[in-house]
Protein chains: 2
Amino acid sequence: MDTGHAATADVPCTDALPGAALGGPVSHAVSRVARLHRIAAGKLLKGLGLYPGQELLMMHLWDSGPVRQSELIRTLDLDPSTVTKMLQRLEQTGHVRRRPDPDDRRAVLVEATDESCALHAAVRDAWGSLEEHTLAGLESDERAELTRLLAKVEANLCQETEGCPERG
Amino acid sequence: MDTGHAATADVPCTDALPGAALGGPVSHAVSRVARLHRIAAGKLLKGLGLYPGQELLMMHLWDSGPVRQSELIRTLDLDPSTVTKMLQRLEQTGHVRRRPDPDDRRAVLVEATDESCALHAAVRDAWGSLEEHTLAGLESDERAELTRLLAKVEANLCQETEGCPERG
DNA sequence: CACTTTACCTTGGTCGGCCAAGTAATGAGC
DNA sequence: GCTCATTACTTGGCCGACCAAGGTAAAGTG
């Protein structure tokens, strides 16, 4: 097999695209954007004592009050074990309280602590500016188009992975 | 069957984005799409003995021949420690060989093993179908638009995170 | 009522990814 | 030549995320 290592030295400048990206420009872009987005979120959340990912869980908690863990799993569409561990850490850092559900002794009720509620506004704000930062320079119609296309892509990826909540 | 992961049974209609999403629809969509995309990639790569993320590294290696580790770090735009650990695992699974650079005793030269080259076509193929699956139902102009918008978003996120390789 | 299935959650392991801190070699300045 | 900063990589720790497997409690079935 020809390993075809032609790229490093004297290629007549095909505009740099690392070559690997040629095989799937959108896939590539999605990963990169997601990673950068996560990093940006992390920086904004760092001052608030949250790690990226946790804010979504907290937002749902702030929004919905006490909920079953299974509710969180369904809403966030994450693996149960992921949520368990996130909650363990959030409990340890005092953002969340868990207690057994009296109506169903298998279940666990989760709610945001009062202290965590102080972060609510800050987190909402952080997400707002993150969204704005993400979409800077895009016109309204571009934003709408991006949203539409991402939804379409999500639906595509969903149907096979079989793991996402149906949408109307 | 349903191991409890996101049951699609009788969800009480989580229909219109759980409220948490209202604060940043695109941010939300990006995370979700990226996760689904990663899962899909993982399924395709599973049969090839690779984990999602590793394929990008391997593709670059197949493309470029022996390279310095720093080259990989720069190209993939990852943390050095991430690349180190990925390479350790790839070395252990026989996909990659590492040897010290004779010209610079700090540096490490990395190259794909011959056995790994057998995967080259399969991986390229997998990425091709993943890209196609991702973009199913999108017209050419929609694809171009999505690519353009993602690039714009990436540039936005880049400029502040300050961690991405300039292009162009 | 026992028996089986299903739902809810936990544990343990693995990977990708980050940061922070450390080692070692190169290179620049004096 | 010696010091000092820079570069290249490693280590350890942590988090999100997955899967696989387990334990317990509720619900379905005979």
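Protein chains get the first letters and strands the later ones, always in sequence-line order, with residue 1 at the start of each. Keep in mind it's a predicted model, so treat the numbers as computed, not measured.
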| said: Less than 3.5 Å apart, any donor N or O on the side chain of B:R124 or B:H120 sitting next to an acceptor on the other? | reply: yes
| remark: Which of D:dC18, C:dG16, D:dC9 is nearest the side chain of B:M86? It is C:dG16
| Under a 4.0 Å N-O cut-off, is there an ion pair linking A:D101 with A:R106? | no
| query | Atom CZ of A:R38 to atom C1' of C:dG17: distance rounded to whole Å? | reply | 8 Å
| request: Take the protein atom CG of B:D101 and the nucleotide atom P of D:dC9, then report the distance between them rounded to whole Å. | output: 8 Å
| field | Side-chain ion pair, B:K152 and A:E139, N-O less than 4.0 Å | value | no
| task | Kindly point out which of D:dT10, D:dC15, C:dG16 is positioned nearest to the side chain of A:Q54? | result | D:dC15
| Would you say D:dA26 has OP1 or OP2 under 4.0 Å from some side-chain N or O of A:R105? | yes
| said: Less than 4.0 angstrom between a side-chain N/O of A:Q88 and OP1 or OP2 of D:dC15, yes or no? | reply: no
| Which nucleotide in the list C:dC8, C:dC18, D:dT6 gets nearest to the side chain of A:R106? | C:dC8
| request: To the nearest Å, give me how far apart CG (B:L45) and P (C:dG16) are. | output: 11 Å
| said: How many whole angstroms separate atom CG of B:L109 from atom P of D:dA8? | reply: 13 Å
| message | Measuring from the side chain of B:Y51 (C-beta onward, heavy atoms only), which nucleotide among C:dC18, D:dG16, C:dC15 has the closest atom? | response | C:dC15
| Distance test, side-chain N/O of B:R98 to OP1/OP2 of D:dT10, below 4.0 Å | yes
| What are the two closest heavy atoms between B:A112 and B:M58, and how far apart are they? | CB-CE, 4.0 Å
| field | Phosphate OP1/OP2 of C:dT10: any A:T84 side-chain N/O under 4.0 Å | value | yes
| task | Verify the contact: side-chain N or O of A:Q69 to OP1 or OP2 of C:dT10, cut-off strictly under 4.0 Å; return yes or no. | result | yes
| field | Between P of D:dC14 and CG of A:L90, the distance in whole Å | value | 16 Å
| task | Give a yes/no on whether any side-chain N or O of A:S81 is located under 4.0 angstrom from OP1 or OP2 of C:dT10. | result | no
| message | Measuring from the side chain of B:D104 (C-beta onward, heavy atoms only), which nucleotide among C:dC15, D:dA25, C:dT26 has the closest atom? | response | C:dT26
| task | Might you point out which heavy atoms bring A:S27 and B:E131 nearest each other, and give the distance in Å? | result | OG-OE1, 2.5 Å
| With the threshold set at 4.0 Å, does a side-chain nitrogen-carboxylate oxygen contact exist between B:R148 and A:E142? | yes
| Interatomic distance where CG belongs to B:D79 and C1' belongs to D:dA8 [whole Å] | 13 Å
| B:I73 CD1 - C:dC18 C1' separation (whole Å) | 13 Å
| request: Just call it for B:L78: base, sugar-phosphate, or nothing, with non-hydrogen atoms closer than 4.0 Å on any strand. | output: sugar-phosphate
| query | For A:S70 and B:D103, take the nucleotide of DNA chain C holding the closest heavy atom to each; which residue's nucleotide lies nearer the 5' end? | reply | A:S70
| How many Å lie between NZ on B:K85 and C1' on C:dA20, as a whole number? | 11 Å
